[in-house]
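Please read the structure below before turning to the comments.
When a residue number appears, it is its place in the shown sequence, counting from 1.
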Amino acid sequence: MAEAAHQETHGFQTEVKQLLQLMIHSLYSNKEIFLRELVSNAADAADKLRFKALSNDSLYEGDGDLHVKLSIDKEAGTITIADNGIGMNKTDVIEHLGTIAKSGTKEFFGKLSGDDAKDSQLIGQFGVGFYSAFIVADNVTVRTRAAGDDKAQGVQWQSAGEGEFTIADIEKAERGTEITLHLKDDEKEFLDDWRLRSIVSKYSDHISIPVKMFKEEEPERDGPKGPDGEESEKIAAVPAFWEAVNKATALWTRDKSDVSEDEYKEFYKHISHDFSDPMTWSHNKVEGKTEYTSLLYIPSKAPFDMWNRDHKHGLKLYVQRVFIMDDAEQMLPTYLRFVKGLLDSNDLPLNVSREILQDNKVTQAMRQGCTKRVLQMLEKIAKNDPEKYQAFWAEFGNALKEGPAEDQANKEKVAGLMRFSSTHTDSEAQTVSLADYISRMQEKQEKIYYITADNYKAAKSSPHLEIFRKKGIEVLLMADRVDEWLMSHLTDFDEKSFQSITHGALDLGDLDDEESKKALEEAEKQVEGLAERVKTALGDKVKEVKFTHRLTDSPACIVADEQGMTTQMIKLMQAAGQPVPEAQYHFELNPEHQLVKLLADVQDEEQFSQWTGVLFDQASLSEQGSLKDPASFVQNLNKLLVSLAK
């Protein structure tokens, strides 16, 4: 081993320091995962070399036998994990072993609570990779050289996992990466050969390259004695050799019946770097016009950065078992970005690029097949295990709500998987499916009624619900930010159209009874001319003033124009920084309400204008959650209170 030269010292990125501290304390109970993570990284390095060598065979440097070797030095107290994969140059080492190049990292650390049990769950979602070495080691040395580089361009990285690391130039004859862990005094259990073999069998059996450990020479020995005690032939000596301790066959190429549940779970953890078990999975070989194998997993927890725009998603792509890319996002629509897994195609060319994937019939067929498979998995859970499906919905429901806009072909299927709050359950929990709603629709009801609002309480207490409560008509309560956008694309389900109860004229059709209509007409006669006076007082603030039958307890409400934007859509666009035209609402009065009757009797025009302004602002506040000019509202209200107190 050549001496290290040109040594440099660097400080860890702040987030790395935090992660190291957290891991050492939070993941202590499951410390053997360090080996899974390091072997997994070594396997990825082999995959990447295999892919790059497709276009540049010289990267193999005459050695195409890819493997990972584990060795133990009991005297030195070290474990070494060595691979002959792609390797790293100096820039790679600083980038990968000194920083966490993940978007949303700061936000992730902001979520940590200090509770070890909770934080270990979060760290599992984040993925720790290489840094897991410090769970068991108090010093780590990495020696590496990138495939194709000169042997004098090796790099050595060393750290005690505290505030800094050193980097030095070294000579390294073999390409690839060698990680030596100097074990802490209380972690010497990992120096046991059998212990390491059992960890590899448990976590890394499915890895497609051999993980080898050194098997000592077995000297020549006597064979078993015969029945009469006579000597038998000696058993020949077995020379020492590197023995593969995993199955080293790509798990997805095996028959489903040959793969155990535990193997599927461990393979999920390998490809996703998640610590939790998956919720469910589907393993399929497709033959016919397009031939491919898919292994798709639905996680039990959402990754911490699922909502980050820079979040990389997609399936691992293989072509004839050769790794091509980590995140082929073309293989699933964006609304299913939470799905993990891989595809192995027999039809794509080995030199396939992202550009080729973009517009390719084989890609389209695989995308359709995978989308159908995922939706079938979800339908099966929803039907057979509603409680499990609710857990899925709590994690990924908002992503699924993007489906109708993106995937016209499966709009009905995706809509059938959605869950909502509703006036029927009177609970914030989103448990009501559209099929449930339709099964409870009243005999003459033609539409699915819904309301969108800033939050559940605002939706539940909206005055627009009053007539529906009175008539016992169920309304879906939507309070997620994505809901308004969803409903602009989801117009019907099972031949029933959707109707917003805050948008446009309300027509209950056959659900309106004659008695109610007559009572309303009678009440309107008693306040005749009031709508015109209110319109004059409000001027351009409103498009129209009219009497309504949608209210029972409230005096007034504002309603978005049939052709205009709803309040929630305006808020959504404003939050996205989009220019939004000034919205004009219809102002609807409840002629049966005492306040409206009092307003009709007010003859003083100034006081009438104040009353009208207060009623309009109250209705706006109820609908929008805020006022443009709250000071004016308070002033008007105070004047009225003073006049009433005289």
Side-chain angles (χ1 to χ4, degrees), residues 451 453 458 460-471 473 475 501-508 511-562 567 583-625 627-630 632-646:
I451 181 172
K460 184 186 172 185
S461 56
S462 170
H464 293 280
L465 286 173
E466 290 172 10
I467 189 66
F468 293 90
R469 289 195 192 280
K470 182 181 176 183
K471 293 183 176 292
I473 301 168
V475 178
I501 66 170
T502 65
H503 196 191
L506 179 64
D507 179 15
L508 291 175
L511 294 168
D512 252 347
D513 58 275
E514 286 303 315
E515 198 179 316
S516 297
K517 284 181 183 175
K518 281 180 183 174
L520 185 69
E521 284 168 14
E522 194 59 43
E524 282 181 30
K525 282 178 188 172
Q526 290 177 23
V527 291
E528 206 169 349
L530 178 62
E532 291 77 10
R533 285 180 72 197
V534 170
K535 173 64 178 134
T536 305
L538 291 173
D540 292 338
K541 281 186 180 179
V542 292
K543 190 166 187 177
E544 181 190 18
V545 178
K546 62 182 180 181
F547 295 115
T548 184
H549 67 298
R550 73 171 90 216
L551 302 172
T552 57
D553 302 322
S554 301
C557 66
I558 59 170
V559 179
D561 187 62
E562 191 83 58
T567 302
Q584 274 205 318
Y585 289 92
H586 295 255
F587 188 39
E588 298 192 359
L589 298 167
N590 174 6
E592 295 177 282
H593 197 280
Q594 196 59 37
L595 266 178
V596 175
K597 290 176 183 177
L598 285 169
L599 181 64
D601 292 337
V602 174
Q603 298 305 313
D604 182 297
E605 288 305 318
E606 188 184 347
Q607 200 175 48
F608 180 84
S609 182
Q610 287 169 357
W611 271 114
T612 301
V614 166
L615 280 180
F616 177 70
D617 283 345
Q618 278 184 342
S620 301
L621 194 57
S622 179
E623 171 66 13
Q624 298 168 324
L627 294 171
K628 280 186 179 176
D629 187 3
S632 174
F633 169 63
V634 172
Q635 205 173 17
N636 272 341
L637 193 59
N638 288 343
K639 282 178 183 174
L640 287 172
L641 289 171
V642 168
S643 66
L644 288 170
K646 284 177 183 175

For K543, does its backbone N or O pair with a side-chain atom of H586 as donor and acceptor, under 3.5 Å? no

Heavy-atom pair with the smallest gap, counting every atom of A600 and L530: CA-CD1, 3.9 Å

Euclidean distance, K525 NZ relative to F547 CZ, rounded to 0.5 Å: 13.0 Å

Interatomic distance, S632 atom OG to L637 atom CG [nearest 0.5 angstrom]: 11.0 Å

With heavy-atom distances below 4.5 Å as the criterion, would you say the side chains of F616 and V534 are in contact? no

Taking salt bridge (Lys or Arg N to Asp or Glu O under 4.0 Å) as the definition, give me every residue that meets it alongside E522, ordered by chain and number, with sequence neighbours left out. none

Would you say that K639 contacts Q607 through its side chain, given a criterion of any heavy-atom pair below 4.5 Å between the two side chains? no

Is H464 reaching over with its side chain to a backbone N or O of I558, donor-acceptor style, under 3.5 angstrom? yes

Is there a side-chain contact between K535 and F587 (heavy atoms, below 4.5 Å)? no

Report the distance from atom CG of L595 to atom CG of L615, rounding to the nearest 0.5 Å. 6.0 Å

Work out which heavy atom in V596 is nearest to a heavy atom in V527; give both atom names and the distance. O-CG1, 4.3 Å

Kindly compute the distance separating CD (Q618) from SG (C557), expressed to the nearest 0.5 Å. 12.5 Å

Distance, nearest 0.5 Å, that separates CD of E466 from CG of N590: 7.5 Å

Other residues, nucleotides, ligands: >12 heavy atoms within 6.0 Å of D604 CG: yes

Listed partners of K460 passing salt bridge (Lys or Arg N to Asp or Glu O under 4.0 Å), at least two apart: D426

Given 3.5 Å as the limit, does a donor-acceptor pair link the side chain of T612 with the main chain of F608, or not? yes

Minimal non-hydrogen separation, S622 against P463, with atom names: OG-CD, 3.1 Å

Side-chain touch Y585/T502, heavy atoms, less than 4.5 angstrom: no

Which heavy atom in V475 sits nearest to a heavy atom in I501, and how many Å separate them? CG1-CD1, 4.1 Å

Could you state the interatomic distance from NE2 (H593) to CG (L599), rounded to the nearest 0.5 Å? 12.0 Å

Indicate yes or no: at least one non-hydrogen side-chain atom of P591 is less than 4.5 angstrom from one of Q526. no

Do N636 and W611 touch side chain to side chain, with heavy atoms closer than 4.5 Å? no

Does any non-hydrogen side-chain atom of V559 lie less than 4.5 Å from one of R550? yes

